Every structure is written in C-alpha cells, then in structure tokens.
Amino acid sequence: MAAKKLSKEKVQEALQELTKFRLIAPAKSDEVVIFKQITDPGEAFLDYGNSTVPPKKVVFPQTETLFRFQRGNPELREKNVEEEGTTVIFGLRPCDARAMSIVDRLFSWDFEDPYYLKRRELTTLVGLACNEPPSINCFCTSLGGSPFGKEGLDILLTDMGDHYLVQALTEKGEKLQDILSAHLEDAPAEEEKKAEEMAAQAEGKIARSINTEGIPEKLPTLWEHELWKKASAACLGCGICTFLCPTCHCFDIQDEVEEMGEGRRARMWDSCMFSEYTLHASGHNPRPTRRERTRNRISHKYSYYPKRFEVIACVGCGRCINLCPVNIDILEILEQVVDAS
Amino acid sequence: MVEVEKLREIAREVISRDDVRQLIGYRQGTYGFRARPAFITSPEEVDQLIFSPACVNNLATYLTLEEKLPVPRGQEPDLRKVAVMVKGCDSRALVQQMEEKAYERDRIVVLGIPCTGVVDMDKVEERFPNVLSRGEIALEGDKFILSFDGRREEVPKEELLADKCKRCRYPTPLVYDQLLDQEVARFADDDYSDIVELEKRSAEEKWAYWEEKFSRCIRCYSCRNVCPMCYCEDCVLDRLNPQWMRRSVDLSENTAYHIARAYHLAGRCIQCGECQRVCPVEIPLMELNRKFYKDVEELYDYEPGTDAEAPPLLATFKVDDREDFIL
Amino acid sequence: MNGKPKIGVYVCHCGTNIAGVVNVEEVVQFASTLPDVVVARNYSYMCSDPGQALITDDIEKFGLNRVVVASCSPRMHEPTFRKTLLSGGLNPYFLEMANIREQCSWVHEDPIAATEKAKRIVEAAVVKARRLEALDVKEVDVEPACLIIGAGIAGIQAALDIADAGFKVYLVEKSPTVGGHMAQLDKTFPTLDCSACILTPKMVDVANHPNIELMTYSQVEEISGYIGNFEVKVRKKSRFVDMDKCTGCGACAEVCRMAGRIPNEFDEGIGMRGAIYLPFPQAVPAKYTIDKENCLFLSKGKCGESPKCKEACQADAINFDLQDEIVEFKVGTIIVATGYDVFDARKKPEYAYGVYDNVLTALEFERLVNASGPTGGKIVMLERGKKKKKKEGEEAEAPRVPKSITFIQCVGSRDKSVGNEYCSRVCCMYTAKLAHLAKDKIPDCEVTIFYMDVRAFGKGFEEFYDRVRREGVRYIRGNPSEIFRRGDKLVVKAEDTLTATPLEHETDMVVLSVGLVPRSDNREIIDLLKLSQSSDLFYLEAHPKLRPVDTASDGIFLAGVCQGPKDIPDAVAQAKGAASAAMIPMASGKVKVEAQTSVVNEATCRGCGFCVAVCPYTAIELVEVNRNGWPVKVARVNEALCKGCGACAAACLSGSIQQRSFKDIQILPQIQALGVK
Amino acid sequence: MAEKNSDFEPNIVAFLCNWCSYAGADLAGTSRIQYPPNVRVIRVMCSGRVNPLFVMNALQQGADGVLISGCHPGDCHYMQGNYYARRRFMLMRNFLEYLGVEPERVRMSWVSASEGAKWKEVIEEVVNGVKSVGPMNKFQRRQLNW
C-alpha cells in the first residue's frame, strides 16, 4: 500500500469523519491526558507524551457487564458488545498497541474471551509514533518494541512536521485509510525512508534499558532471594502499577444483586498487588505480604508469561516507574535479578 | 538544612541499639530528583540515608502499614522498637495514631526533622523534564538549588514548593526523641481560601467540578494505602458482606468511595498531603479532606494530631454543639 | 437455626384500622413474591389467639425460621409476637414487624399510596428478616431490693407493700419527714377522713418496718447499672442532730434564738419555725433538724455566747460537726414517687396573690383549717406583712374571722397562658371539701366558689358535691378576671356566665384552688434515671393505657402525681400497681437482659477505642489478645452492661463492632429496599 | 436549578430512634394526623446508631432525601446518642453540600415521644424541601450501570 500524507490542517476534518464511528482519542480532563470517546474533534489532544491510563481500558474496560439476570426469569440478557459499534482509537502510542497484541495471546488462549476479542475485532488502532520518548523511563527498545513500532497497529502516523505520514499496516488499516482518502494525499516515496531514519534517531533517544537475556529462566530460581524483601519494603500495596500497566489483564468477576432480585454479573480489573487477590475464604493467603506480591508481579511478566506465550508481558512504557508513589523501579529490580547470585 | 553526616551519625547510633529493630528514613530515588523511603536494619546501611526537599513521603504510614506474618509456633514476635524520621507534618500522624492507640509511645523512636518545606515533584519534573541522572535539591534562603547533569539551577522557593507547605502550621515535629536540626518557626497558615471559594459555588457547579474528578478515579486505592490514618485490618469498603460499595468502577461507586474515605478522616486527617500527591489521575483529594478539616476547626475548635491525649473528635460532644440545621 | 431463611409473612387487617385503607390482599400477594418467603397470609387480628396460632401452625407445617408480622407498631406488639415465636419453638429474635398501621394506614388516606407504601415497608421487613440471627436471651440475677424515691403517700404505700412481701426497701425522702403533701391536708374528700389519722399510722409503719431502711433528709446522688443491678449512692444530709440520741422532746426548738422567725415550709409559710425544727408534730422520724442556712451558729459561726439549743438538749444530741453521709447499696428495681408542687399563684398576677394578705392558695388554707396548723384550725384573716411590734402587755386584738370566703377554681390548670393545659383532677373536690369545712367552722360565713366546670367524677364525689351545695355553698359559673381591694374588702371581678351578668363580688378572703405542677427539681431525677417527660412535663409512662406504671427503662417504675395529677385513691392504687410491677423481677430473681447488645469481630478490630469512648454505659473495654502470635488490643463488650443503643457501631470506622439485630448487614438491605425507586 | 416538575414525588428514607421519634410517629398515627406518604422509616434503637454512611448509601441507592430523627438533647434514652449524631450529621451534611448535594436532601430533627403533631410538620418540611430541589440524580447507582 503506498503511504499517504495527512496534512495537519486536515486532521480536524479527518477526525470529524471518524466521529461516525466510536472515536477514542487522547483528551484532557483538567491536566490529565485520558483516552475517551470524543464527538467534537477539537477535544483531541495529540501533543502529549503518553496517557496515564493506557488505552487498554477501551478494549478491556475497567468494569463491564457480562450479563443481566432477574429472579424468576431463566433467560439471561447477555451484553452484546456489537452494540458498541466499530471503534477507532486514534493517536495511541506504539507500545500500547504492542501491549494489546501481547494480551491478545492470553485472551485467545485456551478460552476465547468473547467480550475482549469481539471488541478487538471492532477496533482499529491508529498509532502515533514517538518522535521524542514520552518519559525518561521509557525502555520499549529493550523489549523488542520501538518508538516507531508497528506491531499491533493498523495504521501508523508519523509526525513529519507540517503533516503526518500515514502508513496502513493491516487490512483494517487500509479500509480505514480508504474511508479517510478524501483527506489524504499521496506521500512522496522518500518520506517512508525519512521515517526510518527518524525511527533510528528516536530509538537512540531512549535513555533506559535492560538486557532481558536469561531473566525468564533465572527468575524462578530466585524464589527466596533477599532482593524481593528489599525491593518491596516501601510498597504500599496499591493498584497503580497494575491498573496502569498496558499488559496487565487480571480481572475479578462479581455479581451485583439488588434486593428485588435484579442483578448483573460484572467483570472488573483486579490487581495482584492487592492482598485479597489471593485471600482464601479460610483466611489463609498464599501471598500474605507485599514481598510475595511484588515477586509475583515481576515473575508473571518476565517469566511465567514468556514461558507460556514466548513473549515478555512488558512493553517498557515506563508508567509503573513514573507513577509509583514510592519510586519502586522495575528496571532496578530487574538489574538486581540479573546481578543476583 | 539537616547535615547529612549528622543525620547518618544519629541514625547509626539508633540502629545499633539492640532494642531497635528497624529505622525508616529517606534515600535517593532511581532517577532524576526523586527520593524514596529507606528501611535500615543494620548500621552498614546507614550511608544511603539523606534528607532534602525531595523527601516528600510521610514515613509515619509505614508504622501501621507493616503486614505481620503469623508468628511460627514456639517463636516470640519481634517487638523491638521502630525508628522513624518525620518532618513536622508527618509527626502529626504519629500523634494522631497514638491518640487512636495504634501503638504506645515507647514502641517508636522518633527522629524529628524541622522542615523548611518540600518540593512538588510534578512541578520540578515539569520544569526540568527528562533528567535521568541522580539530581540534588537543596534550599538556600528562599531559593531551591537544583544540581543535575553538571548544571546548577536556582528557582524561587515559591515556584516549586508543595501546596501543603504553603499553609504549613507545624514545621517543627510535635513529637520527637531527637531533633536533627534547630527548630523552624511557623512560616505559614491556612486560610482555607480554596475551600471557601469552592463552597461559594452553586450546587450544579460544585457537582460538575467533582463529577469530572470522580469520573477519572480508577480506584487504585493508593490514596487509602498511603494514608497514615487508614490502617484498618480489612477496610470496610472492601467487604463483601455487607457490601457498602461495589467493586465496579463508575461515578456512583467512586463518589461513594471518596465520601466514605473523606468522612472516615473527619477529625483525623493531619494534612500531610500524601493522598493528593500519589493520585495518578490528580484528583484534588486534599480539597475533600480540608473541607472536613475546616469545619471541624471552626465548629468544634479541634485540630487532629496535635494532642495525643485528646479524645477522638467524633467520640465526644459538647452540649452546646451547633444544631441550627436540626428541625 | 440460622440456616437458609424460610420466611412467613402475616399481614393484619386490624379490623378496619389497616384494611380500611391498605389493600391487604395486594400486600400479601406482593409479599409472596419476595425472596425466601415461604408463606404469606392475612388475618383480621394477628395479635388475637387465632392470629398467633396461624404463626405457630406455620412454623410447624413449613418449618419457618423467620416471621414478619405486618401490623401495628413494634412498640405495641413486638413482645406479644416474640412470645408467639417462643411458643412455636422459634428464637424470639427471628421476628421483624412491619408498621403498616400507625405509620401507614392511619396517616395516609389515599389507598393507592398507602398500599404502595405498605408493600415497601413489608419488603424492608422481609429483607431484614432474611438476615436476622438467633439471639440467646440472657438473664441476670436481680437484687431482691427496691429503691423508692419520695416518701409521700405513694412512696409510703409502695414501700409497705414491697416490704410486706418480704423484700428489702430503701425509702429515700428529701425533706426531714415522710408524708409529703398529704400530711399538710386537714380532711380528705369525699369521706372527710382526717388526713393525719389515715396517714400517720402508715408513716409510723414505714419507720418501723424491719424491711424498710428509711432515709429522710436524704437525696439520691448517683445511680448506675441496669435492671436487677442498680448501684445507688444516697447522700444523707447532716441534720447536725444525732438521730439516735434525739428524743424529739422539742426543748431545743423553744430556746432557739431564731424561733418563730423562719417561715415554715410545711405550713406554706403561714406558720413560723426556728432554725432547729420539727416540720409538724406527727413528723416521722420525730427527730429535730437544724436548717443550715438560717442557724446563726452554722451560717455565721456565732450564736450568742454559745448555741442555746445545745445547752437545752438533755440528750446531748446536737453536734455541729456531723457531716453528710454517703450510703451505697445495690437494688434490683426503682420506684419514682417524687410527687408534685402546687402551682405558683404569682404566675396569675391578676389574682394579686402576694399583693393582698388575704389571697391564699388552697394549700395555705389547708394549713389554716388544720388543727395542727399554725392557727390551731381557726380560720382567721391573715396579716403577712412585717410583724407589728407587740408592745409589752398590750393584748394583740383577736384576729378577725372572715365573714365571706371566695374560692376560685382552675388557677394554673386548664390554662394555656401558663402552659398548663391539663386538668389537675383534684381541685374541684378539694375546693368543695374546703368550702364545707369553712361552712362548718364559720356557720354564718358566706362561701362562694367561682368555677368553669365542676368535675365530681369519682366514687361518692357527686353526692359530696350535692351535699356541699345544700349546705349553702354558692357556686357561680364564671372565671374571675381580676381581684382588687375596696376598703377593707377584696373585690372579685367576674361574670356569671349562666345569667350573663357581670358582677363585682365583695369578700373578706379569696382562696385560689391551685393546680398540681411537676416539681421544680424534677430535672435531677431525669438526669439520674434518663426518664422522659410527657408534654405536660410530668414523667412519661411507658404506655398511657397498657403500661401506666412502667417507664421506658426496664426496672424503673412511676407512682403518684410525679406521673400526672391524681387524687389520693388513684395515687395509692398506682403505688400498689408499681409495687407489684417492681416485685415481678425481684420475685423471679432473674430478669431477661437486653439481647440486642453489641458484638465485636476481634479479627478486624484495630483497638482504636472509639467505641469505648462513645459508650454511655462504659460497657466496652480494650483487652489484649493474641492475633497470630502478635499481641494486639481489641474491644470487648460487657453484655450485661450494654443496653443496645448502637452508638459504638456508628463510631467504628472498620465496622468491627455491630449491634445485634441492627447490624450494617441488616440495615443496608433495608435502605436498598426502601431507597431504590 | 433542577427542573421542578410539580408531580415529582420524592422518595425519602428516614432513620427514627425507637424511643422518641418512632414513638412520636406512632403517636401521630394514633391521633390520625395525616401527612404525605413519601417518607419510609427504618427503626434504629438510637439516633446514635445511624452511621452517616447510611445517608450516602441511601442517596446512592435512589433516595431523593434522607431524614434522621432522634430525641431532644438531654432526653436520649441512652443519654448521649443524639449528641454524637448531631456532630456526625453536621459534618456529613456540610460535606455533601460541598460536593453539590443540596442541603435540603439531608435533614435531621428532634421529635419526642409526645410530639405527634411536630412529626407531621417535620415530614411536610422535609418533603417540600426535597420537592423544591427536584429528584436526586447526582451519583445514583441505578442510573449508571444498568
């Protein structure tokens, strides 16, 4: 597919066109950038680093109704994801898209999750390459990702200054590109080559890194190692590092019932850093303190997940480092894992 | 400002005592200007301890946050003391915790740090983004001196000072075993101007303001877990039977959560500002707590965390409490 | 029994009280659709035996383990239905009542709205019933002793009955003697018995009864505890006279420098007494008392060279160093019989009481006609002003006998302007009696009574009223507006409403038939015992018709006028009622204690002490327990002291302390059932 | 202001203390004093038992207004329950107002066992107060996740 060009003046029109779908774009709520459905293109805010809450919440909502029930009525009213309509996530970062492709492996593993996969099917991802690393703690390059990464994206936009280079990467991407053809022009051939140079430059700007070689195999051997106690000493046991991680996918299912016998079964995010995540009804907790939970969080991403899906469940977006209230740094921990005897 | 050597010397002496199990202080963060809590259990680890305007955490929360593993049969629980470094505002958390009998005074060794104000790390990182190498922050006169990557930047104190410090009434710790510096006289006060301004708005405007904030909340509970006053064994809001508040994350449950949390801090919050600092979606939680704080002060002339012997606010009453709203 | 709930719902018609407005069938149909409801019925009178039998049969037939009765207020029949459950073999606390009468059918006319609300009330009761838990009905021992506060006729009668039944009685009286207001009266209506003749024997019995510990000139200072276990502290005020030595001879009173110079309260201030005095001759105990404020030695430290009374006392009973004595004891029940005050006539300035000497209150007139009164029973015109200097030898001219006496009824009763809307029940008859006595003592005296309505409702009252009129007492229907002086006569301005003729009735003496009002110091007892007051500020009985002698607090009873105006026969009857009510727990020796007390989940309690601080009964304390090897402090409730108010449950932030039958898990579903539109 | 449609019938949850206000409400019943049916009563043993979070829970569940009624100060059957309730609700009411919940929605009253008439006045004052501010639509549970 020949690359296209989207001049910056036409961005608003393009977005207006997309509002006929469920258009999700980065927008500002006070000073916080969050992905939310926009109806007026003016709300979109593309000059941003990365959102606090990753776009995972679009395809894997924090709370979603599975089905509704009523006493005395045997028929369950299942939630029809179709009703949400085709969705376009515009302007997400390559790492978040790559994270979705990682999480797809789990949700289409031994059980095809109907809700998540249907939503993914309905969603087209239009990524925006990172000319500048969104934060000092980005380390996507260490995990096989890139500021210009295409994995998981349907279209990649690259900011070339007065316009965006539009590269359709998948069939969905091409379909969307056709829909937007009125606002696009053909991009000169060398633009794509220029983008590659920019990619290399951007990758050079990533300041932090980790050599993941051997970590998945080594982690299980450090089960009782001293480092976990030290690393988790300051941990508050809150849900920031998991809720804000684009690859975290754990959820809890609960029934919310009202006295009159109406209710719904809902799924909502859960965090392995919470104590009741593994709390048994008997009161026993196999992971009683935050030491075990921190060990589990790191081991799951860097050992258990790769063992099952051949990919480390981390895309190096840096959110868990930036937003941890007590500066627990996953890279510092991983370095300690590498150095641990 | 506290000289680091003196601080480490006192810390070494304290942690060497056989009746002290652990010392909680601050150490340099992993990048930029960040500082983070340090947990010292032996004299050798003392050299990592620092104190600077970057040390924003309230370490008092760790006294009640510690998860106690069941003591194996035949062994005794380690009841040795815990030493903790506290700034002026942090020390009020100790006073309030002791007022609520969380622990006895003799269970803790308090190293008091008279504080001249700490930075708002968001403002620092906004002003000097992408600083990876370890940066230092110091306060000289009324200027913050930031040294990093070989550069030395001077910034007027006001511009980087944390909001809570602009209204700090207790710079010098109210309880301490040792003071690591001379006392700092009170340099600010709280006129609740922001609260008063919000109170004046109409019901619709106020709700629109809070609806925007509460809709962002992702219920990560960092504001609860960081709070030194939130130390219930099993938070009533997490319970399923009865279920006060549902797990689902939406405006209704989020609002219920924030009302319950703020109410549970009525007459207990000591304004250390941690909840607002840690909130990933920047909900102005202090504006919630300080509404109760202002009412409690005006109506009942009560300031939490200032007198360990004072009875809890909501467990006392005066016969002439105001009741003009009662039919 | 806490297993899967099987609920029976019983909706009562209560004749037409409920069924007249609420569509009972619709409510029953609705109730049958609610979760865990196994059977739903309606019946005309659920509280009747057949009604209750419905429940016990269903418990048998369906194995019910929860019962919801939708009828009247739980305050009315909760005890009844709890007994029903008990007889059906079910724990009484598996009952939940839905108040669809007092708070629904009786107060909402619109049938649709009332039925809709009734459904919601029933639903809230069902969802709570589902979560009710069995409570073991705890019993505590009852101290077989009774404290009676106030030794008027009511207190005396109650004390005698309980003592005769073999129980210990502590009878505490604030004034130096027992007898109360009845002792002040001359004759009693309608039989004209001499009040002293029928009262003094009982006063003597009370003083000598082996089971009664009489404490006069004493005040209850502190009461704590609960039914069966009240700890009482009484302050026996010092009389400065040694009760054992004093023989009551009166020598001291004669020589007292203050003799005759202090208005005697007992004589309503007409008669005088000294600083050391006996209220009245037949006082029991017949021991003298020194009035601290007026005794020169005690108040100013000097009484001439030395106190005369001490010199005169043969028995050497006077001892100025005697201190108040605090007595502590334990009782099982308490009877409040603190009596009343008479209405302060100064609050009706138009009647010029206190302005003209010869405007008297009825109680003052009682003292006048009383043989042991200050005038030896002679009705004479009073000169209350400064005592004229009696010159040596000059015989005081004999006080004049009034030619005409006028009574005015309902002074301070049935009068909204002074806040006493109630009728004091006794004034009509005591006025007729006093009028008869006046006629009897001064045959040619013109006796007139201004009245609004004569209430001669009791046994022999009407006959007595008729007799008094036949003796020439003139009844004029009209409420006097004013009294003023004309010459040496008093003029009563009024209108005879039967003949609609205004008149200015001249008379020598006016007697105001003052009503009965709550004692000025009744707040003390309220604070001691947490009694509540009815709208007329007398003490509130538990239920005006069904529980007239009980109070809201278990083990505390009311007798006499302190509960509301009544005459002597009613006061005695109520006193005997209170005595028998008090004897029930004392006789059984055991009493059921509040079962709906608080309980602590020691696993989640953080030992902050908020509950300990809010508990009004100090029923909670922090104890150290071992939690997984760690010593922690947790709250623990003393279930005998806990009264089940629930203040601790609301103060607890972690929800660790809950009040049984009112736990969060039981209230939140109610909110949901009532709240969701 | 919220649209004030005249046929809006508010749904008000009331917490009544057993000894005074519940008895007062019963007295209004025995005296056949008529009052609007909008208030639905939950009986508690003392106003001191009412946890202000019940108010939040009621408003969240669908109530348009909440009323807490107890004994007059000094008359509490348990001595102090109403004093604690007074402080708690003073703070909670101010806080809810601060969030944008109109104060007319959270009401408190002292009604003694003998004040049947006053109970009617309290009910009418509360019902009219809630009617004036319209239905509660701020953070109601059913409007959102159904």
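Protein chains get the first letters and strands the later ones, always in sequence-line order, with residue 1 at the start of each. This is a predicted model, so every value here is computed, not measured.
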Passes side chain to side chain donor-acceptor pair (under 3.5 Å), R264(A) versus T65(A)? Steps please. CA-CA 7 Å; R264(A) 70 169 183 163; T65(A) 303; 2.7 Å; yes
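- Looking at K213(B), only its side chain comes within 4.5 Å of chain A, counting heavy atoms on both sides.
- Heavy atoms closer than 4.5 Å to chain B are found in both the backbone and the side chain of A233(A).
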Intermediate values then yes/no, side chain to side chain donor-acceptor pair (under 3.5 Å), T289(A) and E292(A): CA-CA 6 Å; T289(A) 71; E292(A) 294 82 30; 2.6 Å; yes
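- Panel note: side chain K56(A), backbone H249(A); no donor-acceptor pair is recorded below 3.5 Å.
- Counting heavy-atom pairs under 4.5 Å between each of I24(B), D234(B), T41(B), V226(B) and chain A puts V226(B) at the top.
- Options P280(B), G29(B), P37(B) differ in how many heavy-atom pairs under 4.5 Å they form with chain A, and the most are formed by P280(B).
- Heavy atoms closer than 4.5 Å to chain A are found in the side chain of L240(B), but not in its backbone.
- In this structure, chain A has a heavy atom under 4.5 Å from the side chain of Y62(B), while its backbone stays farther away.
- Looking at C235(A), only its backbone comes within 4.5 Å of chain B, counting heavy atoms on both sides.
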Apply the test side chain to side chain donor-acceptor pair (under 3.5 Å) to residues R93(A) and S51(A): give CA-CA distance (whole Å), side-chain angles for both, the deciding distance (0.1 Å), then the verdict. CA-CA 9 Å; R93(A) 294 302 183 180; S51(A) 64; over 6 Å; no
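- Looking at R216(B), only its side chain comes within 4.5 Å of chain A, counting heavy atoms on both sides.
- Here the rule is side-chain contact (heavy atoms from CB on, under 4.5 Å) with C272(B), and of V56(B), N57(B), N58(B) only N58(B) fits it.
- If you measure heavy-atom distances from R224(B) to chain A, you find no contacts under 4.5 Å at all.
- Of the listed residues (E276(A), Q254(A), M268(A)), the one with the most heavy-atom contacts under 4.5 Å to chain B is Q254(A).
- Side-chain atoms of K123(B) come within 3.5 Å of backbone atoms of L161(B) as a donor-acceptor pair (strictly under, hydrogens ignored).
- No part of R267(A) comes within reach of chain B, as not one of its non-hydrogen atoms sits under 4.5 angstrom from that chain.
- Remark: side-chain polar atoms of R27(B) are not paired, donor with acceptor, to backbone N or O of R36(B) under 3.5 angstrom.
- Annotation: cation-pi geometry satisfied between R201(B) and Y209(B) (NZ/CZ under 6.0 angstrom from ring centroid, within 45° of ring axis).
- Between D78(B) and R80(B) there is a salt bridge, since a side-chain N of the basic residue sits under 4.0 Å from a carboxylate O of the acidic one.
- At least one test fails for R293(A) against the ring of F274(A): distance under 6.0 Å to the centre or angle within 45° of the axis.
- Judged by distance alone, with hydrogens and angles left aside, the side-chain atoms of K87(B) form a donor-acceptor pair with the main-chain N or O of C55(B) at under 3.5 Å.
- The part of D238(B) that comes within reach of chain A is its side chain, from C-beta onward, which places non-hydrogen atoms under 4.5 angstrom from that chain.
- Among the candidates R291(A), R208(A), E64(A), R290(A), the residue making the largest number of heavy-atom pairs closer than 4.5 Å to chain B is R290(A).
- By number of non-hydrogen pairs under 4.5 angstrom with chain A, the leading residue of V278(B), V131(B), L65(B), T61(B) is L65(B).
- Of the atoms belonging to E45(B), it is side-chain heavy atoms, and not backbone ones, that fall under 4.5 Å from chain A.
- Salt bridge status for R127(B) with E159(B): present, with a side-chain N to carboxylate O gap under 4.0 Å.
- Residue with the most contacts toward chain B among L323(A), N322(A), V53(A): N322(A) (heavy-atom pairs, distance under 4.5 Å).
- With a 4.5 angstrom heavy-atom cutoff, E66(B) touches chain A only via backbone atoms.
- Per-residue counts of heavy-atom pairs under 4.5 Å with chain B were compared for N137(A), I321(A), V33(A); the largest is that of N137(A).
- Heavy-atom pairs under 4.5 Å with chain B peak, among A207(A), A234(A), S135(A), P325(A), at A234(A).
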